[in-house]
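Chain naming here is simple, since letters A, B, ... match the order of the sequence lines and numbering starts at 1 in each.
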There are 2 protein chains.
Amino acid sequence: MKPRDENKINEIYKATLNLVKANGLSGITMQMVAKEAGIATGTLYIYFKNKEALINALFDVCTRSSASTFFSNYDPEQPFKIGFHTIWLNIVQRRVAHFNESIFIEQCFHSPFIDEESKNRLRKMFEPMLQLIERGKTERLIKNMDTVWLLAFMIGSINEIAKRTIYYNIKLTDEILEANFQLCWDGIKA
Amino acid sequence: MKPRDENKINEIYKATLNLVKANGLSGITMQMVAKEAGIATGTLYIYFKNKEALINALFDVCTRSSASTFFSNYDPEQPFKIGFHTIWLNIVQRRVAHFNESIFIEQCFHSPFIDEESKNRLRKMFEPMLQLIERGKTERLIKNMDTVWLLAFMIGSINEIAKRTIYYNIKLTDEILEANFQLCWDGIKA
DNA sequence: CTTTTAACTGAATAATTATTCATTTAATTT
DNA sequence: AAATTAAATGAATAATTATTCAGTTAAAAG
């Protein structure tokens, strides 16, 4: 028997992300995805039951892989600010390096394809971040505000940094990154 | 002759915004829009040439009306911080009160319906804000950073405040608003 | 090297959705 | 109050897009 070319799944994912970035979730068809991935439309259906399954699987892959990079190199033993900085930087860099993915996740959040459960799974992935913020409050290093706002503040500004970096085609130097981190830090610090 | 019911256009707009919030731009059909607006599908085509025209017209209306509220009560003669606070509050409140609209604009930004020119028009609407930021830098009240980042910081965090307010069904009290403003202000201040 | 089996193809079909149009309704004019 | 005209309707049609499937190809097993 002929085995599946498992790499093909990645090609399909890549194609979908590229097309969604360019045309939105509303602007893609299975034919476009197949063509962009360099395969026949029928082949798509060997790997995915239907369009909804493709979108859901990709959403799952995107959230898992991005969440895992968010906390790479993060050591909870380190001082609070070091940990916060590590995660902040990880998220910014992931959002910029995988901008397609960021837009895809954003669009999926308001789409009929993704169910509440998957959305909640995504929210859960920020768990370690929530704990870090609680710790920062306990250590009196950051403002004593409801965590939801501290997180919104951090994530919101990061999202917008990524968008502008890509839209205006800016090269993110260490200097720019540090200056942006400073904005966030000065905001949350006690 | 029978005159057009000009209010119908607003019904169509409202219906579209509600449906896009619930299902995304990819999840709406002209039949759904008509039904939600309480009219026949054919009637939609009396008011809009086609789907693309509807989306474009709505995008235009949304950007214009939201931009105008952003700068209401804003008096450039007032001290910098007052002006900044006014605009900050205007944007947050608009985003929350017209959450549909915010999601629609966000989704349109990555869709084949909206052309580059319309996107640029939207960017231009923040012009008064850019000027205010320049002024803040001149007066040495805020950090001397490229305006693109200061604006990203402000807008990004506002967007996320609005999303969480709606998703978690939070009542935005003056206290919460002020605490969130403080986060932003502490971030940008010199 | 033949057989087997599953991947792969892309045109054909099914399903969905945009758009039209013959007909009906209701405001205005005369 | 009859005539006129454009709005409104919604089923019918056109266009698009998802999905299938009969036929083809290529890897693995024997």
Side-chain angles (χ1 to χ4, degrees), chain A residues 1-61 104 107-108 110-115 118, chain B residues 1-60 104 107-108 110-115:
Chain A
M1 358 149 198
K2 187 178 176 183
R4 280 194 194 179
D5 177 358
E6 286 305 324
N7 188 49
K8 212 154 268 174
I9 289 187
N10 285 324
E11 290 301 319
I12 295 170
Y13 285 156
K14 234 194 317 175
T16 309
L17 291 178
N18 282 336
L19 290 170
V20 169
K21 180 186 153 203
N23 310 308
L25 213 44
S26 58
I28 63 167
T29 68
M30 293 300 261
Q31 339 237 358
M32 285 166 79
V33 171
K35 194 174 178 190
E36 176 88 8
I39 60 177
T41 19
T43 311
L44 263 184
Y45 287 84
I46 292 173
Y47 292 91
F48 300 97
K49 191 170 144 278
N50 54 33
K51 192 177 182 180
E52 186 179 351
L54 164 60
I55 303 292
N56 270 285
L58 181 53
F59 183 77
D60 206 61
V61 165
F104 176 75
Q107 295 236 343
C108 279
H110 293 269
S111 93
F113 296 117
I114 307 299
D115 54 37
S118 300
Chain B
M1 2 153 193
K2 187 178 177 183
R4 280 194 194 180
D5 177 359
E6 286 305 324
N7 188 48
K8 212 153 267 174
I9 288 186
N10 285 323
E11 290 301 318
I12 295 170
Y13 285 157
K14 233 194 317 178
T16 309
L17 291 178
N18 282 335
L19 291 170
V20 168
K21 180 188 153 200
N23 310 307
L25 212 45
S26 58
I28 63 167
T29 67
M30 293 300 261
Q31 338 236 359
M32 287 165 79
V33 171
K35 194 174 178 188
E36 176 88 9
I39 59 175
T41 17
T43 312
L44 264 184
Y45 288 84
I46 292 173
Y47 293 90
F48 300 97
K49 192 170 142 278
N50 53 33
K51 192 177 183 181
E52 186 179 350
L54 164 59
I55 303 291
N56 270 285
L58 181 53
F59 183 78
D60 206 60
F104 176 74
Q107 295 235 344
C108 280
H110 292 269
S111 92
F113 295 117
I114 307 298
D115 54 37

Atom CG of L44(A) and atom P of dA7(C): how far apart are they, to the nearest Å?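 So the two atoms are 14 Å apart, to the nearest Å.
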May I have the distance from D5(B) (atom CG) to dA8(D) (atom P), rounded to whole angstrom?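 Nearest whole value for this atom pair: 6 Å.
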Once side chain to side chain donor-acceptor pair (under 3.5 Å) is applied, what residue pairs with a partner in residues 16-27 of chain B remain, sequence neighbours excluded?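 Qualifying pairs, neighbours excluded: N18(B)-N100(B).
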Summary of side chain to side chain donor-acceptor pair (under 3.5 Å) pairs that have at least one residue in residues 37-46 of chain A, sequence neighbours excluded: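 Checked against side chain to side chain donor-acceptor pair (under 3.5 Å) - neighbours excluded - no pair reaches residues 37-46 of chain A.
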For residues 5-15 of chain B, which side-chain N or O atoms pair as donor and acceptor with protein atoms under 3.5 Å away, sequence neighbours left out?
| from | atom 1 | to | atom 2 | distance (Å) |
| --- | --- | --- | --- | --- |
| D5(B) | OD1 | N7(B) | N | 3.2 |

Quick one: side chains of residues 52-61 of chain A, donor-acceptor pairs under 3.5 Å with protein atoms, not counting sequence neighbours, listed by atom name and distance.
| from | atom 1 | to | atom 2 | distance (Å) |
| --- | --- | --- | --- | --- |
| N56(A) | ND2 | E52(A) | O | 3.0 |
| N56(A) | ND2 | F113(A) | O | 3.0 |
| D60(A) | OD1 | R121(A) | NH1 | 2.3 |
| D60(A) | OD1 | R121(A) | NH2 | 3.4 |
| D60(A) | OD2 | R64(A) | NE | 2.9 |
| D60(A) | OD2 | R64(A) | NH2 | 3.3 |

Neighbours of DNA chain C within residues 16-25 of chain A, by heavy-atom distance under 4.0 Å: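 By residue number: none to list.
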Members of residues 33-40 of chain B that approach DNA chain D, where some heavy atom sits under 4.0 Å away: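 I39(B), A40(B) - these, ordered by number, are the residues of the stretch whose heavy atoms sit under 4.0 Å from the strand.
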Which pairs would a plain distance check flag for residues 29-40 of chain A, meaning a side-chain donor or acceptor within less than 3.5 Å of a matching protein atom at least two apart in sequence or in another chain?
| from | atom 1 | to | atom 2 | distance (Å) |
| --- | --- | --- | --- | --- |
| T29(A) | OG1 | M32(A) | N | 3.0 |

Would you mind reading off the bend of the helix from dC1(C)-dG30(D) to dT30(C)-dA1(D) from its two end axes, five pairs each, to 10 degrees?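 Overall, the helix from dC1(C)-dG30(D) to dT30(C)-dA1(D) bends by 10° from one end axis to the other.
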Going 5' to 3' along nucleotides 17-30 of chain D, which nucleotides have protein heavy atoms under 4.0 Å from the base (write B), which only from the sugar-phosphate (write S), and which from neither (write -)? SBBBB----SBS--
Closest contact, heavy atoms only, P112(B) versus G27(A):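 So the minimum-distance heavy-atom pair works out to CG-CA, 4.1 Å.
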Phosphate-side-chain proximity, Y47(A) and dA7(C), N/O vs OP1/OP2 below 4.0 Å: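 No, outside the criterion.
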First locate atom CG of L25(A), then atom CD of Q107(B), and finally report the distance between them rounded to the nearest 0.5 Å.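 Interatomic distance, L25(A) CG to Q107(B) CD, rounded to 0.5 Å: 7.5 Å.
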